[in-house]
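Below is one structure, written out as structure tokens, with a few remarks after it.
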2 protein chains.
Amino acid sequence: MENINEILSLDSDENTRHFSKGDTLQREGENCSKAFFVKKGLLRSYTIDDKGKEHIFMFAPEGWVIADIESQEFNQPAKLFIDCVEESEVIILDRSLLIRSELNIDQLKNNVNLLSRRVAVLQRRVIMLMSASAKDRYELFLETYPKIPNRVPQRMIASYLGITPQALSTIRGEITRKNKTIL
Amino acid sequence: MENINEILSLDSDENTRHFSKGDTLQREGENCSKAFFVKKGLLRSYTIDDKGKEHIFMFAPEGWVIADIESQEFNQPAKLFIDCVEESEVIILDRSLLIRSELNIDQLKNNVNLLSRRVAVLQRRVIMLMSASAKDRYELFLETYPKIPNRVPQRMIASYLGITPQALSTIRGEITRKNKTIL
DNA sequence: CCTATGCATTCATGTAGATTAACAAATCAC
DNA sequence: GTGATTTGTTAATCTACATGAATGCATAGG
């Protein structure tokens, strides 16, 4: 849900808040009627499975919106944790932002496009998870999010890719070793 | 994208077409500006990877809409094949159906809700693919789509779950064996 | 009706990635 | 600055699932 300036303008006067690295904005089990626009910094959303293992669902750098749409849509308590990977400035939006009554036709169409884009990104992610090897997934991640890797610890990238930090480390080792032999 | 009666009413006069089991409505590489509303029957969308292996992205039974939103959104040729699992009646819709100019505010809000629902379903699928074992994924599939399993060959269910037909067969064997010992 | 092709199941073997553990480097707390 | 905790790397072992092949059934087409 990138480039959401349209919607944002409606809320820029509302409460912008400042958070430190590691602060949690939403916990599993809470009621979650909020969405978070990232003005500055980097947030992430993730689940923790029954074995206590984290699975990162998405990263949200500057200009992105992050929320637990599944739980909101089905009126369930939150399944996702949302917290800060970096010190961040966040505008807290209401869940209704996408269909609030003040919106005009053009703004609604814009929202339809934003959601279509989000569906498209998720479609790509599902197909990737089903058909690509760990190495391919890592390389696709680097292409898709060229600016994020150096801001995020390896273990979180591994978690986003659905593999262990050890496996990612091995893959990175292979890639740099291959590049050395080429150079 | 279930229960799309709102949108449908706009197009019910357009060309409804009849297809046989196995007929292909869209191929990889084609320009894909269409979406398909399933009036009767069952469609599926899938990719074929570089090793020639099918990966089913979704099933669309009666009342659902199916389309390659990713490719449409990024203006690329289709990544997905779409074909008929059963004999089907399909209304062919234009890609612009979600933001076409005749739509009023309520219809647009309805579209926002439909897309939110789709995002929610995909969120669930991504989390499942990342964190659940093959057996858990199969059981979740049975819960989520209780009506589909008996209409779809095992190998397609396996493909949807991201495992081989052999692995699914083993899992099914385990489940029925366990149920027998309980009874 | 009979043959051919596809489908589900089972088993034997292979492999990507998980798990466990050990260690060095970086970061944090005080 | 110093000890403690977190992070990234490497290596040895383990396991879930893939791959490949054989077999019995079903469905389709002549």
Side-chain angles (χ1 to χ4, degrees), chain A residues 20-24 42 44 46 48-56 83-87 128-142 148-180, chain B residues 20-23 42 44 46-56 83-87 128-142 148-180:
Chain A
S20 303
K21 184 174 170 176
D23 283 357
T24 299
L42 182 58
R44 62 170 181 152
Y46 60 99
I48 298 187
D49 68 22
D50 25 326
K51 284 168 211 133
K53 202 166 153 187
E54 282 178 23
H55 302 275
I56 294 184
D83 68 15
C84 297
V85 178
E86 298 172 353
E87 186 179 28
M128 188 190 73
L129 283 169
M130 284 201 300
S131 62
S133 70
K135 190 179 169 193
D136 291 343
R137 295 212 292 279
Y138 178 58
E139 284 169 346
L140 204 104
F141 168 77
L142 292 182
I148 295 189
N150 23 9
R151 296 166 64 181
V152 176
Q154 301 297 334
R155 61 178 193 83
M156 289 193 190
I157 296 177
S159 168
Y160 177 88
L161 296 174
I163 59 177
T164 56
Q166 293 89 323
L168 177 57
S169 177
T170 305
I171 289 166
R172 285 163 50 83
E174 280 167 17
I175 291 172
T176 53
R177 217 170 302 127
K178 193 166 62 184
N179 287 346
K180 269 182 195 160
Chain B
S20 303
K21 183 173 169 178
D23 282 357
L42 181 59
R44 63 169 180 152
Y46 59 99
T47 45
I48 299 187
D49 68 21
D50 25 325
K51 284 167 210 134
K53 201 167 157 188
E54 281 180 22
H55 301 275
I56 294 184
D83 68 15
C84 297
V85 178
E86 299 172 353
E87 186 177 29
M128 188 192 74
L129 283 169
M130 284 202 299
S131 61
S133 70
K135 190 179 170 195
D136 292 343
R137 296 210 292 278
Y138 178 58
E139 284 169 346
L140 204 106
F141 169 76
L142 292 182
I148 295 190
N150 22 10
R151 296 166 64 181
V152 176
Q154 301 298 335
R155 60 179 194 81
M156 288 191 191
I157 296 178
S159 169
Y160 177 88
L161 297 174
I163 59 178
T164 57
Q166 292 93 321
L168 178 56
S169 176
T170 305
I171 289 166
R172 284 164 51 84
E174 280 167 19
I175 290 173
T176 53
R177 217 170 303 129
K178 193 167 60 185
N179 287 346
K180 269 182 197 161

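Lettering of chains follows the sequences in order, A, B, ..., and the numbering in each one begins at 1.
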Margin query: Quick check on salt bridge (Lys or Arg N to Asp or Glu O under 4.0 Å): which of A:Arg44, A:Lys21, A:Arg151 does A:Glu86 satisfy it with?
Written below: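 So the option named by the test is A:Arg151.
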Whole angstrom is fine here: how far is it from [atom1] in [X] over to [atom2] in [N]?
{"X": "B:Lys51", "N": "D:dG20", "atom1": "NZ", "atom2": "P", "answer": "11 Å"}
{"X": "B:Gln166", "N": "D:dT19", "atom1": "CD", "atom2": "P", "answer": "9 Å"}
{"X": "A:Arg177", "N": "D:dT10", "atom1": "CZ", "atom2": "C1'", "answer": "10 Å"}
{"X": "A:Gln154", "N": "D:dT7", "atom1": "CD", "atom2": "P", "answer": "12 Å"}
{"X": "A:Arg155", "N": "D:dT6", "atom1": "CZ", "atom2": "C1'", "answer": "8 Å"}
{"X": "A:Glu174", "N": "D:dG8", "atom1": "CD", "atom2": "P", "answer": "18 Å"}
{"X": "B:Lys53", "N": "D:dA18", "atom1": "NZ", "atom2": "C1'", "answer": "7 Å"}
{"X": "B:Glu54", "N": "C:dG6", "atom1": "CD", "atom2": "C1'", "answer": "13 Å"}

Check: NA contact type, B:Pro165, heavy-atom cut-off 4.0 Å: base, sugar-phosphate, or nothing?
Finding: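 Counting heavy atoms under 4.0 Å across all strands, no contact is made by B:Pro165.
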Between [X] and [Y], which heavy-atom pair has the shortest distance, and what is it?
{"X": "A:Asp23", "Y": "A:Asp83", "result": "O-CB, 3.1 Å"}
{"X": "A:Phe141", "Y": "A:Leu161", "result": "CB-CD2, 3.8 Å"}
{"X": "A:Leu168", "Y": "A:Ala158", "result": "CD2-N, 3.7 Å"}
{"X": "A:Arg172", "Y": "A:Tyr138", "result": "NH1-OH, 3.1 Å"}

Notebook entry, point to check: Under 4.0 Å: is that the gap between some side-chain N or O of B:Lys21 and OP1 or OP2 of D:dT27?
Noted result: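 Checking D:dT27 against B:Lys21, no side-chain N or O comes under 4.0 Å of OP1 or OP2.
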Checklist line | CD1 on A:Ile157 to CD1 on A:Ile163, rounded to 0.5 Å | finding: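 Output value for this atom pair is 9.5 Å.
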Show each protein N/O and nucleotides 13-17 of chain C N/O combination with a separation under 3.5 Å, one pair to a line.
unit_1: C:dG17; atom_1: OP1; unit_2: A:Ala134; atom_2: N; d: 2.8

Measuring from the side chain of [X] (C-beta onward, heavy atoms only), which nucleotide among [options] has the closest atom?
{"X": "A:Thr170", "options": "D:dA21, D:dT10, C:dC7", "answer": "D:dT10"}
{"X": "B:Pro153", "options": "C:dT10, C:dC7, D:dT10", "answer": "C:dC7"}
{"X": "B:Arg172", "options": "D:dT7, C:dT9, D:dT9", "answer": "C:dT9"}

Notebook entry, point to check: Looking at A:Lys53, A:His55, A:Glu54, which hits side chain to side chain contact (heavy atoms under 4.5 Å, CB included) with A:Ile48?
Noted result: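 For A:Ile48, the side chain to side chain contact (heavy atoms under 4.5 Å, CB included) test succeeds with only one of A:Lys53, A:His55, A:Glu54, which is A:Glu54.
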